[in-house]
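What follows is a single structure, written as structure tokens, with notes after it.
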Amino acid sequence: MLRVEEHKSPQHNLSCEKFLNPQRLYLPLSQHTGRPSQACVKPQDIAECAQVIALEDGHISARLHAPKKIKIISIDDWYHPILKKAKCIIAEPIETEEHKFIPREKIGAIGKEALLQIIRDSGIVGMGGAAFPTHVKLRPPKKIETLIINGCECEPYLASDYRLMVEKLDEIFKGIEIICKIIEPREVIFVVEDNKTEARKKLHLAFSLKKYKLPNFSLEILKTAYPQGGEKQLIYSTKKSKVPSGGLPLDVGCIVHNVATCFAIYEAVYFDKPLIERLVTFAGDALVSPKNVWVKIGTPLNELFDKGVLQFKTEPKKIICGGPMMGIALDNLNYPVLKGTGGFLFLSKDYLLGEEGPCIRCGSCVRECPMSLMPTLIDLASRNENWEQALIYGSADCIECGICSYVCPTNRRLVQSIKQAKIKTLK
């Protein structure tokens, strides 16, 4: 793993703000790993806040809910941060007042299957970026020995998970208790990097008080490095177990959940609140004030600027959904916040890699690859469109962290080339 220059200030130490009253909502049906959800509303329909507006389609899929009381304007193609364009429910909020969710009674009496059903009904997906439907992940085909809670947030600009740990740690732990009731792990390991100062203090206090009902609970403080927050990296750092090539964490008896996902589970079970809003980092040197903001799922970027929540200090040359290492470049401000969106960056420079040169066999990409792959060989196979050879060299195991491109002295577009090979071989 690699030490990457951080740009987490000032957003790391600022209390969260809220913007929960957008004038339009753009809700893509594809916001998760798996098949897109299927709309169950039509234009001109009125949907109440938290009402299901799209149902899951198949086993690996997730529901979508109205973030506010809305009128459906249309169901049409719209900008999508990952797919560029995708089918989307376009809606207009009717009320500005926030819906009040009533606490659910007798939480402790709810059984495993009922908890799973609540999580499924709430449309929760992994909020660390992968957006895998959580109800599927919580029903593993093998016994889970170790539950790992991911609080690393290793992308250089993002701070939403950190602020969530600082401001909502008790709620996160209640979400972890729910997960433990469902999967009954032998141990729970909460992992944060050593740059999470205030969160570390609160976690140490929670650990010492033994306030929460968690089996064999331990706290791991890891050195700040990238990509420390990857599932396989966390498992190796904490358990010294390697997930086999082509395998999953459950193959070594582990399951990893992001802190934001734990918080969403808490809200679903304690308040019957589906995943309709999330905390997002807005950062970069093109902004007057980088910050973390609670926003409704489906809020378009342009509204945050139109309403003065965000302001440009200078015209951005680069807009990125996510972090600079694994994020995706955007070409305008019409893109909406998705369930898996942790942040947006607005950069004053284009930060292009420069002209691409030939591979000089320096070995930097091989030495730094966190998955112990040989990016040069996969890249060569990909450029020759030898997809099967790329697969043999391990293209499917690439986590697309971007380190190979980052360290390449001749600006080889290695991660893009490897990603192309993955697309071709995993269809």
Side-chain angles (χ1 to χ4, degrees), residues 4-12 14 16-17 19 22-28 30-31 77-86 88 90 127-131 153-161 163 226-227 260 277-354 400-402 405-406 411 413 415-416 419:
V4 178
E5 183 182 355
E6 289 193 345
H7 300 272
K8 291 183 181 284
S9 294
Q11 63 271 18
H12 216 231
L14 293 174
C16 301
E17 299 182 13
F19 176 67
Q23 290 187 324
R24 278 289 175 99
L25 289 164
Y26 299 86
L27 297 151
S30 182
Q31 298 199 39
D77 286 343
W78 190 256
Y79 296 98
H80 189 289
I82 299 166
L83 304 175
K84 297 306 178 186
K85 285 285 183 79
C88 180
I90 301 172
M127 296 173 72
E153 196 169 42
C154 55
E155 277 277 9
Y157 285 81
L158 303 189
S160 56
D161 284 351
R163 292 312 308 178
Y226 178 83
E277 61 192 42
R278 68 159 296 152
L279 188 58
V280 180
T281 296
F282 299 95
D285 62 349
L287 291 181
V288 171
S289 301
K291 58 185 68 174
N292 303 291
V293 187
W294 285 99
V295 293
K296 295 293 185 183
I297 304 299
T299 301
L301 281 176
N302 54 27
E303 283 214 28
L304 291 151
F305 290 93
D306 292 344
K307 299 295 175 64
V309 180
L310 301 174
Q311 291 178 294
F312 284 131
K313 180 168 57 179
T314 183
E315 189 71 21
K317 294 292 192 297
K318 196 81 165 179
I319 303 171
I320 298 173
C321 177
M325 299 299 288
M326 297 184 74
I328 297 171
L330 307 180
D331 55 1
N332 61 63
L333 295 174
N334 293 313
Y335 292 88
V337 171
L338 306 185
K339 293 179 180 182
T341 304
F344 289 95
L345 305 185
F346 305 89
L347 305 175
S348 63
K349 297 179 183 177
D350 205 345
Y351 295 101
L352 291 174
L353 292 172
E400 301 176 30
C401 66
S405 294
Y406 182 81
N411 301 314
R413 311 304 198 253
V415 69
Q416 291 87 346
K419 187 171 184 174

Quick one: which residue pairs count as a side chain to side chain donor-acceptor pair (under 3.5 Å) with a foot in residues 330-340, not counting sequence neighbours? Asn302-Asn334, Asp331-Tyr335, Asn332-Asn334

Contacts of Lys317 that satisfy salt bridge (Lys or Arg N to Asp or Glu O under 4.0 Å) - sequence neighbours left out: none

Donor-acceptor check, side chain of Arg163 to backbone of Asp161, threshold 3.5 angstrom: yes or no? no

Would you check if the side chain of Lys313 reaches a backbone N or O of Ser348 as a donor-acceptor pair within less than 3.5 Å? no

With a 4.5 Å heavy-atom cut-off, do Pro336 and Leu27 have their side chains touching? no

According to salt bridge (Lys or Arg N to Asp or Glu O under 4.0 Å), who are the partners of Glu155, at least two apart in sequence or on a separate chain? none

Does Gln23 offer a backbone N or O that forms a donor-acceptor pair with the side chain of Glu303 under 3.5 Å? yes

Look at the aromatic rings of Phe346 and Phe305 and report parallel, tilted or perpendicular, splitting at 30° and 60°. perpendicular

Look at the side chain of Tyr406 and the backbone N and O of Val4, then say whether any donor-acceptor pair between them is shorter than 3.5 Å. no

Please answer whether the main-chain N or O of Val337 pairs with a side-chain N or O of Thr299 as donor and acceptor at a distance below 3.5 Å. no

Any luck finding a side-chain donor-acceptor pair between Asn292 and Thr281 under 3.5 Å? yes

Please check this pair: side chain of Arg24 against backbone of Ile90, looking for a donor-acceptor N/O pair closer than 3.5 Å. no

